[in-house]
There are 2 protein chains.
Amino acid sequence: MRLREAALELYAERGYDATTTSEIAARAGVTERTYFRHFADKREVLFDGEAELREVMTAAIASAEDSLPPLSLVLRAYTAATPLFVAGRPVAERRARIIAATPALQERAHAKSAALTEALISALTQRGVPEPTARLAARAGAAIFERASRAWTGTSAQDLTSLVVQASHELRALT
Amino acid sequence: MRLREAALELYAERGYDATTTSEIAARAGVTERTYFRHFADKREVLFDGEAELREVMTAAIASAEDSLPPLSLVLRAYTAATPLFVAGRPVAERRARIIAATPALQERAHAKSAALTEALISALTQRGVPEPTARLAARAGAAIFERASRAWTGTSAQDLTSLVVQASHELRALT
DNA sequence: AAGGAAGTGACAGTGACTGACACCAACTAC
DNA sequence: GTAGTTGGTGTCAGTCACTGTCACTTCCTT
């Protein structure tokens, strides 16, 4: 979508607050009205990989072996999504800079990851995990993955999966 | 503040989307402009206990005994804040209903609790806890407290602190 | 009494977002 | 082939969240 690219450019060039949706639309060669037919609001342009991510991760939970404990299911979901992260790397980096500079976008980012966590919880409960346990597992998994992910983008050398395992041990050590 | 009460009433009566900031101001007996001198935006009226909460919790971490491990510090912070939760109970309940019915407010709520987590992380690192460990502990603590808090509002019978301990064991069992 | 700080009202302006209607392609049915 | 349907778009008008600016009051200080 050209709107996405246009927004990415403009937000990077002059900042989120200083760009109007009308400008984004203009750079993409369409009308402001058309912009709002594709994205719900000014922020949403930067957050539409989410749906695919959610599907991949919930599918990973749904199709995992029966023997796995809840937290492993969650971690499995995250590692199943690593191809998406790797593929989206170049865009994700530009995006991250913009979000880091814009409180309104950070808010949306938190909402998205909260929604993702809810989706994982729902995938777990559909497999029979009781809801309170599912909540705890999903949030623990998110914490573990965030920790691993930070280490990953920091060094960018190691394998993500092994970093996840390592972070799990760290969490275990904390409890 | 009368603006807070006015907003609470109007959001409950006709819903968040269907009330204007102008109406809130009018019910409080002031101008819309005055509303925006007190609150940054239409959502913020419902979220200003946050500052006090953050101070109490970070102070609890800063003033705890030296021997406590990171996760205990975080849980200590949450239990230190329970008087605030108890005191704010009646308002919190009305507030919760409104937030549950309004995606925009849920977004803000997530942002607030993320900001709180960041504050706890910072309080931990100021005590010498390395940042990655602090992040993990803060997020684990948040997960534990959420679980305990849900059980608390559900039954409303038991002591919150013991529910926190119980939730900690649940998390330990998951790892 | 003079002056400064803090809170407010009035007013004008920008920009995000919505609803309604018309237009134009491409594809389907008959 | 023509009619109708579907999906994407432009246009226009309108609402409302939010901001900058100026003037005014009140209260507190010196």
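None of the values given here were measured: they were computed from a predicted structure. A note on names: the letters A, B, ... follow the listed sequences, proteins ahead of strands, and every chain is numbered from 1.
- One can place CD of Glu32(A) at 8 Å from C1' of dC17(C), the figure rounded to the nearest angstrom.
- The salt bridge (charged side-chain N to carboxylate O under 4.0 Å, His left out) pairs that include a residue from residues 56-80 of chain B are Glu65(B)-Arg76(B), Asp66(B)-Arg127(B), where partners are two or more places apart or lie in different chains.
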Please produce a list of atom pairs where a protein N or O lies less than 3.5 Å from an N or O of nucleotides 4-8 of chain C.
from	atom 1	to	atom 2	distance (Å)
dT8(C)	OP2	His38(B)	NE2	2.6

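- Near-neighbour residues of DNA chain C inside residues 9-20 of chain A, defined by a heavy atom below 4.0 Å, number-ordered: Thr19(A), Thr20(A).
- Between the CG atom of Asp41(B) and the P atom of dA16(C) there is a distance of 16 Å, given to the nearest Å.
- Annotation: ring-ring contact (aromatic ring centres under 6.0 Å, His included) contacts involving residues 88-115 of chain A, sequence neighbours excluded, are absent.
- Rounded to a whole Å, the CD1 atom of Ile24(B) is 13 Å from the C1' atom of dC18(D).
- In terms of the side-chain hydrogen bond (donor to acceptor under 3.5 Å, both in side chains) criterion, residue partners of Glu23(B) (sequence neighbours excluded) are, by chain and number, Arg14(B).
- Note: CG (Leu3(B)) to P (dC18(D)) measures 14 Å, nearest angstrom.
- With Tyr16(A) as the aromatic partner, Arg43(A) does not meet the cation-pi criteria of under 6.0 angstrom to the ring centre and within 45 degrees of the ring axis.
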Just list the side-chain donor-acceptor pairs under 3.5 Å for residues 115-123 of chain B, sequence neighbours left out, or say none.
from	atom 1	to	atom 2	distance (Å)
Thr117(B)	OG1	Ser113(B)	O	3.1
Glu118(B)	OE1	Arg135(B)	NH2	3.1
Glu118(B)	OE2	Arg135(B)	NH2	2.5

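- For Arg94(B), the side chain to side chain contact (heavy atoms under 4.5 Å, CB included) criterion is met by Glu5(B), Leu8(B), Glu9(B), Arg97(B), not counting sequence neighbours.
- In this structure, CZ of Arg33(A) is placed 12 Å from P of dC17(C), rounded to the nearest angstrom.
- Take Ser149(B) and apply the side chain to side chain contact (heavy atoms under 4.5 Å, CB included) test, not counting sequence neighbours, and it matches Phe145(B).
- Under the side chain to side chain contact (heavy atoms under 4.5 Å, CB included) criterion, Ala100(B) pairs with no residue, sequence neighbours left out.
- Of all nucleotides listed (dA16(C), dC18(D), dG20(D)), dC18(D) comes nearest to the side chain of Phe36(B).
- Per the geometry, OH belonging to Tyr35(A) stands 11 Å off P belonging to dT18(C), to the nearest Å.
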